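Working notes, beginning with the structure itself.
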Amino acid sequence: MNRALPSRTLSVWIDRDPDAVYAFLSVPENFMRWASGLAGSLARDGDGWIAETPEGTMRVRFTPPNPFRIADHWVIPPAGPEIALPMRVLANGGGSEVTFHLFRQPEMDDARFARDAEWVERDLATLKRVLEDPAGA
C-alpha cells in the first residue's frame, strides 16, 4: 500500500494578470530569477534541464506550456526518487494567486520540512517582487 506524503500548499498573491504571470513561469530560464534552489545555473540538456542546486547537480523537468496555467516541475536527484513540485497560477481578484505544493520527502524530519517551506515562501516573495517590478518580467 502506498503511503501519502505530508504536504503544505504555499501561495502568494501577485498584482499581475494571471496570463502574464503564467507566461513568465512557463519559461524555464526564468526560474533562475526567483527560485533560489535552481539559481546556480539551469541549462537545457536534450528534452530536460540540468540545474546546479545547493544540494548538487540535478536533472529537472518542466511542464510544457499549457492553457491551464500549470507550471509543475520535477527535480531528479542523482540517487533517489523524482521530487514533484506542483505549481498553479489562479485568477484572484484583479491579480494572480500562485500556489506551490510542497511534499515532505520520506527522509525529512519536521525541522527540515519547515526549513523547506520557509525557503519556498522566500522564493515566492521573490517571484512577487520580480513580477510586480515595472522593469521586471
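We're numbering straight along the sequence, starting at 1. Just so it is clear, the model here is predicted, and its values are computed rather than measured.
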Under a 4.0 Å N-O cut-off, is there an ion pair linking [X] with [Y]?
| X | Y | result |
| --- | --- | --- |
| R88 | D72 | yes |
| E97 | R69 | no |
| R112 | D116 | yes |
| R61 | D47 | no |

Return the minimal non-hydrogen interatomic distance between [X] and [Y], and the atom names on each side.
| X | Y | answer |
| --- | --- | --- |
| I83 | P77 | CD1-CG, 4.1 Å |
| W13 | N92 | NE1-O, 3.0 Å |
| V60 | A51 | CG2-CB, 3.7 Å |

Test salt bridge (charged side-chain N to carboxylate O under 4.0 Å, His left out) on E29 and R44; report intermediate values, then the result. CA-CA 9 Å; E29 292 90 344; R44 185 174 287 284; 5.1 Å; no
Would you sort out whether R104 and D110 count as a salt bridge (charged side-chain N to carboxylate O under 4.0 Å, His left out), showing the intermediate values? CA-CA 9 Å; R104 178 177 163 173; D110 290 342; 2.4 Å; yes
Measure the spacing between CZ of F103 and OG1 of T9 and express it to the nearest 0.5 Å.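 Here the interatomic distance stands at 8.0 Å.
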Rounded at 0.5 Å granularity, tell me how far CG in N30 sits from CZ in F24.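 If I round to the nearest 0.5 Å, the distance is 4.0 Å.
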Within a strict 4.5 Å, meaning less than it, do heavy atoms of the W74 and T63 side chains meet? yes
How about H101 and S7: does a side-chain donor come under 3.5 Å of a side-chain acceptor? yes
